[in-house]
2 protein chains.
Amino acid sequence: MSDLLERLRGRGWRMTAQRRVVAEVLDGDHVHLTADEVHARAVSRLPEISRATVYNTLGEMVSLGEVLEVSTDRRAKRYDPNAHRPHHHLVCARCGAIRDVHPAGNPLADLPADERYGFTVSDVEVTYRGICPTCAATA
Amino acid sequence: MSDLLERLRGRGWRMTAQRRVVAEVLDGDHVHLTADEVHARAVSRLPEISRATVYNTLGEMVSLGEVLEVSTDRRAKRYDPNAHRPHHHLVCARCGAIRDVHPAGNPLADLPADERYGFTVSDVEVTYRGICPTCAATA
DNA sequence: TCCTACAATGGACAATGTCTAAGTCAAGCG
DNA sequence: CGCTTGACTTAGACATTGTCCATTGTAGGA
């Protein structure tokens, strides 16, 4: 049984077949799926699930802090079930493949006070870009 | 006369009224405009300019490396004429305001070899998020 | 089992960006 | 200066991603 599903259940979520399927798809393999990819996989298990429900469910999981939204390009948002280990992302500029990475150092500390313009800075997001080995081989 | 315009001219660009207007709008004040905002401002100087031309022109300036594309949210891409000074961005989570910032340190060096998964990493993009003073005041 | 509030549905709508076919024009050339 | 030509512009259709809403369905408690 899925950890993600367990955590959601423990928060008093009303459990429905749709929500179960979305959680299972997300938790299944730790790739970073788009909402439409989640929908496609969910449909194969529960054919009548609607697109709106998938969007709603993903949005709720993000609000609950159980799933992270990742936007590495200007295309679709991606959903990352690995919300409880802070991490950043490494993206292939050619094929869009994404890996979680854990850089050393704390970029938040690297932003001096005189570069904060009075903002209350609470979060930082780091995206590394490059070419993955597969794309490099077929260059 | 605009620096940006000068640089573009020096690259053998065919100079048209439309391209001139787009370059002037971008270079005018160093905010980070969306494509549609650029279009709106361009229209006020050259009423018959089309949306497609603005998109095309911005895309060409990005390809030439004279302008940077910035995607800080899921909404529109923004265009940053400050392409020749490397920098990162600080974004207000509430109103979307963007400031250029220059953090200390080099995040590229913070990614150890065993976290690179064979990628050739060439670039890193850092987005700080927080609340700007204006939004904090009206909270 | 029945109720009721919460969830799901599907289809319209919105925002952003891309493409295409046809017309227009900048700039080099004679 | 006036052609010629191919690059540029245009308008609008189309694509993608995401949101909204009114209606229908259902989980879970009494």
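Below, read A as the first sequence line, B as the second, and so on, with proteins coming before strands; counting in each chain starts at 1. Heavy-atom basis, side chains included; hydrogens, waters and symmetry copies ignored.
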For [X] and [N], what is the distance between atoms [atom1] and [atom2] respectively, to the nearest whole Å?
X       : N      : atom1 : atom2 : result
B:Asn56 : C:dT20 : CG    : P     : 12 Å
A:His39 : C:dG11 : NE2   : P     : 12 Å
A:Lys77 : C:dA15 : NZ    : P     : 15 Å
A:Asp36 : D:dT16 : CG    : C1'   : 8 Å
A:Leu8  : C:dA7  : CG    : P     : 12 Å
B:Glu60 : C:dT18 : CD    : P     : 13 Å

[X] side-chain N/O to [N] phosphate OP1/OP2 under 4.0 Å:
X       : N      : value
B:Tyr55 : C:dG17 : yes
B:Arg75 : C:dA15 : no
B:Gln18 : C:dC25 : no

Quick test of your reading of the model: are B:Glu115 and A:Arg99 salt-bridged, counting only N-O distances below 4.0 Å?
no
Under 4.0 Å between a side-chain nitrogen and a carboxylate oxygen: does that hold for A:Glu24 and A:Arg45?
yes
Nearest to the side chain of A:Thr57 - C:dA8, D:dG18, C:dA15?
C:dA8
Listed in order of residue number, which residues of residues 46-54 of chain A have a non-hydrogen atom at under 4.0 Å from DNA chain D?
A:Arg51, A:Ala52
Can you tell if the side chain of [X] reaches within under 4.5 Å of the side chain of [Y], non-hydrogen atoms only?
X        : Y        : result
B:Asn106 : B:Asp110 : no
B:Val62  : B:Tyr79  : yes
A:Thr127 : B:Val124 : no
A:Tyr128 : B:Pro107 : yes

Sequence neighbours excluded, which residues qualify as salt bridge (charged side-chain N to carboxylate O under 4.0 Å, His left out) partners of B:Glu69?
A:Arg74, B:Lys77
Can you list everything that forms a salt bridge (charged side-chain N to carboxylate O under 4.0 Å, His left out) with A:Glu125? Sequence neighbours excluded, please.
B:Arg129
What side-chain hydrogen bond (donor to acceptor under 3.5 Å, both in side chains) pairs are there with at least one residue in residues 50-64 of chain A, not counting sequence neighbours?
A:Arg19-A:Glu60, A:Ser50-A:Thr53
With the criterion being N/O to N/O and under 3.5 Å, what pairs connect the protein with nucleotides 27-30 of chain C, and how long is each?
residue, atom, partner, partner atom, Å
C:dA27, OP1, B:Met15, N, 3.2

Between the opening five pairs and the closing five pairs of the helix from C:dT1-D:dA30 to C:dG30-D:dC1, how far apart are the helix axes, to 10°?
20°
Out of curiosity, does B:Tyr117 fall in the hydrophobic cluster containing A:Val91 (side-chain heavy atoms, cut-off under 4.5 Å, transitive links)?
no
Would you tell me whether A:Asp80 and A:His89 have side-chain atoms, one donor and one acceptor, within less than 3.5 Å of each other?
yes
